[in-house]
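A quick write-up on the structure given underneath.
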2 protein chains.
Amino acid sequence: MSQYFEKRLTEAGLKKTKHRLLVLNILNATKTFLSMDDIFNQAIKVEPTISFSTVYRILEMLSSHHIVKEVNVDISKQTLYELAHDDHTHHLICLRCHKVIHVEGCPIHDYQDAVASKHNFTMTNHNLDFYGYCKQCETQQNK
Amino acid sequence: MSQYFEKRLTEAGLKKTKHRLLVLNILNATKTFLSMDDIFNQAIKVEPTISFSTVYRILEMLSSHHIVKEVNVDISKQTLYELAHDDHTHHLICLRCHKVIHVEGCPIHDYQDAVASKHNFTMTNHNLDFYGYCKQCETQQNK
DNA sequence: GTAGGTGCAAAGAGTTTGCATACGC
DNA sequence: GCGTATGCAAACTCTTTGCACCTAC
């Protein structure tokens with residue numbers, strides 16, 4: 001997997017540093033969104049000398065190259081991060097455990113076109129996030 | 001209109017103060033989302049002695065009573081606010097002028113049910129926001 | 001009169017930047 | 001060796017809170 005990330009960095013004209021690969025591997029290893037803090041706390045276990053501003057600048061740079069995606073969802077006031085996927089997905093976000101389920105496919109492309117044309121609006125993208133409770137949390141909540 | 005807001009405050013068991021009514025009227029008068037700063041700057045023109053923390057606490061309280069809705073969208077890192085509407089709407093948000101167009105109707109209720117059942121997820125709500133350029137901005141951008 | 005609302009000032013949390021040093025190419 | 005990446009520390013922005021005074025009910 002690291003090889004894939006090295007390739008992506010090279011393609012983007014970025015140097016392959018251990019810190020960048022570390023951040024990418026952390027993002028790849030998790031299935032939920034991560035905050036700057038989350039990533040830093042995981043990173044420092046592997047590279048004790050890494051600093052917060054390095055993680056900050058790595059995420060900023062990877063975002064600007066569309067290798068990482070910034071996410072603003074209602075489970076946190078902080079900016080969260082995930083690896084950018086080529087495929088268009090939406091999210092089911094558990095309000096309790098904050099697990100994120102990626103849902104492939106998109107039901108609204110036709111609708112988007114219709115609304116855009118009705119309102120003379122040029123669409124560039126959309127966000128669709130669902131909030132609720134995953135099966136485990138739903139069960140525990142009822143106890 | 002103020003009478004309507006007075007009624008809502010009373011119903012929520014909140015005192016009717018001039019500051020609260022002012023904040024509500026400011027939110028009502030605008031068609032875009034407003035940040036704390038925006039609201040404070042408009043408020044201080046009418047009530048020069050109002051303080052930032054008052055506006056902050058008013059918005060917090062109105063949000064908790066579902067009279068005002070907090071909105072997190074990608075045009076600002078700040079929390080934005082709008083009056084809560086009873087009807088379920090989605091937004092077209094202009095990335096250039098930040099105008100917000102409310103779109104009634106929702107194309108995804110059926111889809112939501114299908115996805116929820118497929119993933120054993122209990123849905124409570126969803127966000128669907130469209131980003132792009134309104135007609136005026138699209139025209140100007142091409143100049 | 002009393003409970004709740006407000007103003008002021010300061011603290012917290014999260015984010016961003018400047019600069020000297022270290023490292024990838 | 002050159003130019004970019006990093007570490008450290010401090011600044012900045014936005015948000016939140018404590019406390020004394022004030023106002024709606």
Side-chain angles (χ1 to χ4, degrees), chain A residues 2-3 5-26 33-65 67-68 70-81, chain B residues 2-3 5-24 26 33-41 43-65 67-68 70-81:
Chain A
S2 268
Q3 286 188 1
F5 291 135
E6 290 186 25
K7 184 161 158 275
R8 293 220 60 177
L9 290 173
T10 305
E11 282 168 1
L14 301 171
K15 289 182 183 175
K16 288 171 280 186
T17 69
K18 59 182 175 183
H19 293 155
R20 287 177 178 173
L21 291 170
L22 175 57
V23 167
L24 285 167
N25 280 313
I26 289 170
F33 302 140
L34 293 176
S35 68
M36 198 77 76
D37 265 344
D38 297 332
I39 297 167
F40 175 66
N41 286 326
Q42 287 195 46
I44 206 168
K45 288 179 192 161
V46 181
E47 290 288 342
T49 62
I50 198 172
S51 76
F52 190 84
S53 59
T54 298
V55 174
Y56 168 78
R57 278 186 273 228
I58 286 173
L59 288 168
E60 186 183 42
M61 164 148 296
L62 294 177
S63 294
S64 76
H65 285 86
I67 296 170
V68 158
E70 295 189 2
V71 183
N72 288 296
V73 284
D74 293 349
I75 52 174
S76 168
K77 299 225 159 183
Q78 292 176 253
T79 302
L80 304 181
Y81 297 86
Chain B
S2 269
Q3 286 188 1
F5 291 133
E6 290 185 26
K7 182 160 157 278
R8 294 221 58 178
L9 289 174
T10 305
E11 282 168 1
L14 302 171
K15 290 183 181 174
K16 289 171 280 186
T17 70
K18 60 183 176 183
H19 293 156
R20 287 177 178 172
L21 291 169
L22 175 56
V23 167
L24 285 168
I26 289 169
F33 302 139
L34 292 176
S35 68
M36 197 77 77
D37 264 343
D38 296 332
I39 297 166
F40 175 66
N41 286 326
I44 205 168
K45 287 180 192 162
V46 181
E47 290 288 344
T49 64
I50 198 172
S51 77
F52 190 85
S53 59
T54 298
V55 175
Y56 168 77
R57 279 185 275 228
I58 287 173
L59 288 168
E60 186 183 43
M61 164 146 298
L62 294 176
S63 294
S64 75
H65 285 86
I67 296 170
V68 157
E70 294 190 1
V71 183
N72 287 298
V73 284
D74 293 349
I75 52 175
S76 168
K77 300 225 160 184
Q78 293 174 252
T79 302
L80 304 181
Y81 298 86

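Protein chains get the first letters and strands the later ones, always in sequence-line order, with residue 1 at the start of each. Atom set for the values below is all heavy atoms of this structure, side chains included, hydrogens, waters and symmetry mates excluded.
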Distance from A:E6 atom CD to A:L24 atom CG, nearest 0.5 Å? 10.0 Å
Name all pairs fulfilling the salt bridge (Lys or Arg N to Asp or Glu O under 4.0 Å) condition that reach into residues 9-18 of chain A, sequence neighbours left out, sorted by first residue then second. A:K7-A:E11, A:K18-A:E47
Length of the CG-P vector between B:D38 and D:dT15, whole Å: 11 Å
Take the protein atom CZ of B:F40 and the nucleotide atom C1' of D:dT15, then report the distance between them rounded to whole Å. 14 Å
Taking only side-chain N and O atoms of B:Q78, does any of them lie within less than 4.0 angstrom of OP1 or OP2 on D:dT13? no
Nearest-Å distance for atom pair CG/P, residues B:L24 and C:dG5: 14 Å
Whole-Å distance separating the CG atom of B:L22 from the P atom of C:dG7: 11 Å
Is B:T79 close to B:N72 at the side-chain level, that is, under 4.5 Å between some pair of heavy atoms? yes
Can you tell if the side chain of A:I44 reaches within under 4.5 Å of the side chain of A:T49, non-hydrogen atoms only? no
In whole Å, what is the span from the CD atom of B:E70 to the P atom of D:dT15? 10 Å
Output the residues of residues 41-60 of chain A in contact with DNA chain C, where contact means a heavy atom of the residue under 4.0 Å from an atom of the strand; sort by number or write none. A:F52, A:S53, A:Y56, A:R57
Comparing B:Y81 and B:K16 on DNA chain D - which has the more 5′ nearest nucleotide: B:Y81
Find the distance A:L80:CG to C:dG14:C1' and express it as a whole number of Å. 12 Å
Is there a side-chain contact between A:T17 and the phosphate of C:dC23, meaning an N or O under 4.0 Å from OP1 or OP2? no
Check whether any side-chain heavy atom of A:Y81 lies under 4.5 Å from a side-chain heavy atom of A:S63, and answer yes or no. yes
Taking salt bridge (Lys or Arg N to Asp or Glu O under 4.0 Å) as the cut-off, I'd like each qualifying pair that reaches into residues 36-46 of chain A, sequence neighbours left out, listed once. none
For C:dA3, does the base pair up with any side-chain atom of B:K15 as donor and acceptor (N or O, under 3.5 Å, distance only)? yes
Protein-nucleotide distance (B:D37, atom CG; D:dC12, atom C1'), rounded to Å: 14 Å
Within this structure, what is the NZ-to-P distance between A:K77 and C:dT15, rounded to whole angstrom? 12 Å
Under 4.0 Å between a side-chain N/O of A:H19 and OP1 or OP2 of C:dC23, yes or no? no
Just so I know, are the side chains of A:L34 and A:Q42 near enough to count as touching, which here means a heavy-atom distance under 4.5 Å? yes
